[in-house]
Amino acid sequence: MTKEKRKHKVFMEGAISPTFIAESIAKHSSKTNIGAHAIFLGQVREDLINADKVCAIEYSAYQEMAEEALHEIREAAFAQHNLECMHIYHSLGEVKVGEICLFVFVSSKHREASFKVCEELVEKIKKDVPIWGKEILQDASHQWKINQ
Amino acid sequence: MTKEKRKHKVFMEGAISPTFIAESIAKHSSKTNIGAHAIFLGQVREDLINADKVCAIEYSAYQEMAEEALHEIREAAFAQHNLECMHIYHSLGEVKVGEICLFVFVSSKHREASFKVCEELVEKIKKDVPIWGKEILQDASHQWKINQ
Amino acid sequence: MKVRVLVFGQLKDIIESDELWLEGLAHSDDVLPLLQAQFPGIKNLQFKIALNKKMIQQGVSLHEDDVIALLPAFSGG
Amino acid sequence: MKVRVLVFGQLKDIIESDELWLEGLAHSDDVLPLLQAQFPGIKNLQFKIALNKKMIQQGVSLHEDDVIALLPAFSGG
């Protein structure tokens with residue numbers, strides 16, 4: 001496993017905007033080997049917890065360790081699949097209900113690889129990367145999110 | 001099978017712009033039951049055909065039949081899976097290399113349904129919907145696209 | 001009796017039209033022989049036939065105003 | 001010898017700090033008893049321990065400037 005670090009910014013303060021997503025997509029128009037983009041967006045749901053509604057999730061991370069973990073996940077995916085491009089962005093801080101907190105973007109020549117890797121990345125991000133979500137309820141109390 | 005038609009515009013003249021995609025994403029922020037969006041984008045590749053490069057694909061469709069086929073595909077997916085939202089857009093006319101020709105957008109409470117349905121929709125669109133792509137080469141000749 | 005025939009994809013290169021009208025057809029099984037007589041080039045091409053926007057699974061009688069469509073393999077996406 | 005301890009997720013509610021320093025620790029196996037003595041509330045919580053950004057798979061000796069992290073179940077995405 002290479003220890004060379006391509007500095008890829010993962011964490012963004014607050015919600016990920018649709019405009020940012022559009023700009024990311026537009027940047028790929030010059031990559032003429034790409035035939036398929038698979039994108040996953042995580043959006044904050046208005047879950048009900050003991051009759052109280054979630055109004056936001058506040059994300060925190062062990063940032064250095066998370067970046068290393070994501071770097072390894074990326075390298076492994078590139079080594080195992082025929083990919084053209086891969087980007088992962090995750091929010092830190094408060095993300096309100098209806099806003100985007102996770103943006104996974106995988107591009108390949110043909111659709112199979114991008115679908116497969118996009119889904120795998122999301123699973124690994126939720127399971128293996130030190131990020132925590134604190135669900136802020138309407139009465140200002142909170143509960144720590146549990147991933148399914 | 002219901003014959004009631006929700007008028008859902010599928011075909012768009014020319015390429016699908018990243019701005020349009022961003023606007024579609026932004027519209028979902030009020031749907032607070034959504035936790036996961038899976039998106040597929042088809043992008044025109046600069047394939048090499050007998051040493052000549054593809055510079056665009058010109059799409060045509062049997063539009064009425066395609067819309068009925070897509071309507072049935074949508075209804076079946078809604079009946080079989082726990083989905084919050086589903087949109088399909090396909091280009092007609094010329095789409096240049098690097099531009100987007102297909103936009104499939106599936107939203108659900110949890111990620112599993114949106115991933116599964118997004119992938120299934122793309123397969124069905126390529127296999128069961130009367131749309132044709134004519135690959136325009138740099139010498140102005142053409143070849144009809146063949147789906148894998 | 002006349003039926004309308006819609007032409008798609010690669011077949012447009014051979015038939016050199018988006019649409020044509022065929023006369024004297026009573027049954028869907030008569031479509032192919034008539035077309036092949038008029039456009040021998042289509043014999044080399046695989047395509048399916050739809051009647052009124054539904055794929056024909058078996059031979060059926062044709063009616064006035066029926067719309068036949070000639071559909072080469074789809075290649076959307 | 002002092003080691004730095006980073007606190008994450010739900011553990012912050014109990015320890016009421018993002019970070020603390022522990023003294024007199026020579027081995028990773030000593031971390032948990034010391035923490036539990038200081039913060040009894042953490043006994044009810046499942047968490048893992050990382051040393052210098054890697055999960056500890058087995059007990060290891062600690063060194064000056066080592067960074068320990070207390071990691072409850074991840075819940076990103």
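Quick caveat: nothing in here was measured; it's all calculated off a predicted structure. Below, chains carry the letters A, B, ... as their sequence lines are ordered, and counting in each starts from 1.
- Across B/K134, B/Q43, B/H142, the residue that shares the most heavy-atom pairs under 4.5 angstrom with chain C is B/H142.
- The most heavy-atom pairs under 4.5 Å with chain C, out of B/I125, B/V95, B/D128, come from B/D128.
- Residues B/I88 and B/F103 fail the side-chain proximity criterion, which asks for heavy atoms closer than 4.5 Å.
- Ion pairing of B/E68 with C/K53 is present here, as a side-chain N (NZ or NE/NH1/NH2) and a carboxylate O approach within less than 4.0 Å.
- Only the side chain of C/K12 comes within less than 4.5 Å of a heavy atom in chain B; its backbone stays farther off.
- Ring to ring, B/Y59 and B/W132 are not that close: their centroids are 6.0 angstrom or more apart.
- Judged by distance alone, the side chain of B/E75 and the main-chain N or O of B/E72 form no donor-acceptor pair under 3.5 Å.
- With B/D52 contributing its side chain and B/L137 its backbone, the two residues share no donor-acceptor pair below 3.5 Å.
- The side-chain heavy atoms of B/I25 and B/F105, taken from C-beta on, include a pair separated by under 4.5 Å.
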ask   = Could you walk me through whether B/E120 and B/I73 pass the side-chain contact (heavy atoms from CB on, under 4.5 Å) check?
value = CA-CA 10 Å; B/E120 283 178 6; B/I73 289 169; over 6 Å; no

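- With a threshold of 4.5 angstrom between heavy atoms, C/L71 approaches chain B through its backbone and through its side chain.
- At a cut-off of 3.5 Å, with distance as the only test, no side-chain donor of B/H110 or B/N82 sits close to an acceptor on the other residue.
- Only the side chain of B/L102 comes within less than 4.5 Å of a heavy atom in chain C; its backbone stays farther off.
- For B/Y89 and B/F20, the ring centers sit closer than 6.0 Å to each other.
- Using non-hydrogen atoms only and a strict 4.5 Å limit, the part of residues 56-68 of chain C facing chain B consists of C/V67.
- Of all the listed residues (C/G76, C/S75, C/A50), the one sharing the greatest number of non-hydrogen pairs under 4.5 Å with chain B is C/S75.
- B/A66 does not touch chain C: none of its heavy atoms, backbone or side chain, sits under 4.5 Å away.
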